[in-house]
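Written out below as C-alpha cells is the structure these notes cover.
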Amino acid sequence: MTDRLALFGGPKTVTLAQDYRWPVLGQAEIDAVVGLMREGRISIGDGSGPIGDLEAAFARYTGARYALMHNSGTAALHAAYYGVGVGPGDEVLVPSYTWHATAGAVVAANGVPVFCESDPRTLNLDVDDAARRITPRTKAIAVVHMWGNVADLDAVMDLARARGLAVVEDCSHAHGATWCAKHVGTIGDVGAFSLQGSKVLVAGEGGMLITNDPTIFDRALVLGSHGRIQYHAHDDTVRELTTGLGFKYRPHPLGAAIALEQFRSLDVWNAGRRDNYDYLMTGLADLPALKITQTHAGAVRGGYYGTRLLYDHAKLVGISRGALLKALRAEGVEVDVERYPLLHLTPYYRNRQRAYDGYLAPTARPDFDATPYESGDLPATECFHQQLLALPVYTTPQFPLLDQIIEAFHKVMSGTSVEELKDAEERGDPVLFE
Ligand SMILES: Cc1ncc(COP(=O)(O)O)c(C=O)c1O
C-alpha cells in the first residue's frame with residue numbers, strides 16, 4: 001500500500017461497502033402493523049394494546065415504576081419539565097451542545113433555558129459550570145447522555161440534591177445505557193427518550209417518559225394524555241381533569257407496535273454498536289491528534305446515536321479540520337463536522353429576550369437578564385465544537401470495514417502524508433479549497 005493520499009491521486013483506502021442502513025424493519029413489524037389495521041385498532045383508547053404493552057416493557061427493562069409513551073421525544077421532554085414543576089420564569093440549566101428539543105421543551109413549559117458548558121472529555125454537561133449558573137430561579141438541571149455516553153450522574157445528583165433542583169435526563173441518544181447498573185432515566189427524577197426513526201429503539205415517531213414518582217407521572221398525564229387520565233392517574237383531583245391541559249401528546253398505536261417488535265432486538269443492536277464503537281476507538285487511540293471521549297467508571301454506553309471524536313488541531317499544526325476531512329473523505333471515510341449547532345448561538349436563543357417573550361409576558365420576570373448570548377460566552381464548548389468529527393454508527397459487525405477506516409485515519413494523520421497535506425494547505429492547493 002502506497003502512502004500517497006487519495007486526495008493527490010493515490011489509492012483509496014476504504015473500498016468495502018458501508019452498511020449503516022437504519023432502521024432495520026422486518027416482517028414482524030409489518031405483521032404487527034397490518035394486524036392492528038385489519039382490526040381497526042389505530043387509536044389509543046384507554047392505553048391498552050401496543051401502547052400499554054410498550055410502556056410495560058419499557059418500565060420492566062429500565063426498572064422504572066412508570067412509563068408513559070408520547071408521540072415524540074420532544075413531547076416527552078415537555079411533559080418531563082412540566083412534571084417536575086417547571087413553570088413561568090423558572091430557569092433550567094441545559095447544555096448548549098444538544099439537540100434543540102432539550103431546550104425548546106423548557107420554553108414550551110414556560111421556563112427559561114440557561115445554557116451551560118459541556119466537558120470536552122465526555123461531551124456532556126459540565127456540572128461545575130452548571131453549578132455556577134444556579135440562581136434563586138433555577139428549578140431543574142437537564143442532562144443529555146450525548147451519543148450514548150452517560151453523563152456524570154453522581155455529580156449531577158449531588159448538585160441537584162444539595163440545591164433542591166429536579167433532574168431531567170434526556171436519554172434520547174442512550175437507550176439501554178446504565179450508570180452503576182441502573183438504567184439511564186431512572187437516576188434523575190424523570191427520563192425522556194425519543195423513539196424517532198433514527199434512534200436505536202424505533203417507533204417511527206414517538207417518545208417515552210419514565211419516572212418513579214407518581215406525581216410526576218400524573219402531571220405528565222394531565223399535560224398531554226387526555227382520555228387516559230381517568231384510568232391511570234393516582235391522585236383523585238387529577239383524575240377529575242379528564243381532558244387534561246389541552247396538548248395532545250398521545251402516541252400512535254402503529255408506532256408502538258413497531259417499537260414493541262424492535263424492543264426484542266435492542267440489546268443485540270446495542271451490543272453490535274458497542275463492539276464496532278470500541279473496535280474503532282481502540283484502533284484510533286494511538287493517534288495523538290484524535291481525542292476519544294471518556295466513559296465514566298461505572299457507566300455503560302448504550303444507544304450509540306452517533307460517533308464523535310475530537311480533532312486536536314494543535315497536535316497537527318498546519319492541518320485544518322477542513323483539510324483533514326477532505327483527505328479522509330478522499331480515502332473513502334464518511335466523516336463530517338458536527339451537525340448540531342450550539343443552541344446559545346442559534347438566532348432564537350441568541351436573542352434571549354425574544355426566546356423569553358415567546359411564551360411569557362415580559363412582566364413575569366422583571367429581573368430577567370436579556371443580554372443576548374454572544375460568541376465566547378461558552379468558550380470551552382465553542383472550542384471543542386470546532387474540533388468535532390462525526391462518523392456513522394455501525395450496528396452489524398463491520399470489523400473489516402473498520403480496519404480500513406482505521407488505516408485511512410493513520411494514512412492521513414501520520415507518516416509522509418502529514419507533510420504532503422501541510423504543504424498543500426500552506427500553498428493553498430485548490431484540491432483542498434475548492
Ligand atoms: C437529545 C435529543 N433530545 C430530544 C430529541 C427529540 O426527539 P423527537 O425527535 O422524538 O421529538 C432528540 C431527537 O433527535 C434528541 O437527539
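Order of listing sets the numbers, starting from 1, for every ligand and every atom in it. The shown structure was predicted, so the numbers you read here are calculated from the model rather than taken from an experiment.
- If you check each of Q196, K199, E205 against atom 14 (O) of ligand 1, the one with the closest non-hydrogen atom is K199.
- Considering backbone and side-chain atoms alike, G73 places an N or O below 3.5 Å from some N or O of ligand 1.
- No donor-acceptor contact under 3.5 angstrom links the side chains of T293 and R121, judged on distance only.
- Comparing S198, G303, S194 against atom 10 (O) of ligand 1, the shortest heavy-atom distance belongs to S194.
- Atom 11 (O) of ligand 1 has its nearest heavy-atom neighbour, among N71, D170, T74, L195, in T74.
- Considering CD1 of I216 and CD1 of I210, their distance stands at 11.5 Å, rounded to 0.5 Å.
- With respect to atom 16 (O) of ligand 1, the closest heavy atom belonging to the protein is H173 NE2, 3.0 Å.
- Shown in contact with V144 at under 4.0 Å from a heavy atom are these atoms of ligand 1, numbered in order with element: 1 (C).
- At a 4.0 Å heavy-atom cut-off, ligand 1 does not touch W147 at all.
- Counting atoms of ligand 1 from 1 in the listed order, those under 4.0 Å from a heavy atom of A101 are 4 (C), 5 (C), 6 (C).
- The ring of W179 has its center closer than 6.0 angstrom to the ring center of H296.
- Of all protein heavy atoms, the one lying nearest to atom 5 (C) of ligand 1 is W99 CD1, 3.6 Å.
- With 3.5 Å as the limit, one finds no donor-acceptor pair spanning the side chains of T62 and H183.
- Of the possible polar contacts, one joining the Y349 side chain to the G104 backbone as a donor-acceptor pair under 3.5 Å is found.
- Using a 4.0 Å cut-off to heavy atoms of L77, the atoms of ligand 1 that qualify are 4 (C).
- Each of the following atoms of ligand 1 lies closer than 4.0 Å to a heavy atom of Y340: 16 (O).
- A heavy-atom separation below 4.0 Å is found between G206 and ligand 1.
- Contacts between S172 and ligand 1 below 4.0 angstrom, taking non-hydrogen atoms only, involve the side chain exclusively.
- With hydrogens and angles disregarded, a donor-acceptor distance shorter than 3.5 Å links the side chain of E169 to the backbone of G185.
- Between Y340 and W147, the ring center distance clears the sub-6.0 Å criterion.
- Although no hydrogens or angles enter the test, the distance criterion places no donor-acceptor pair under 3.5 Å between the side chain of H226 and the main chain of V222.
- Under 3.5 Å, the side chains of Y394 and Q18 contain a donor-acceptor pair of N or O atoms.
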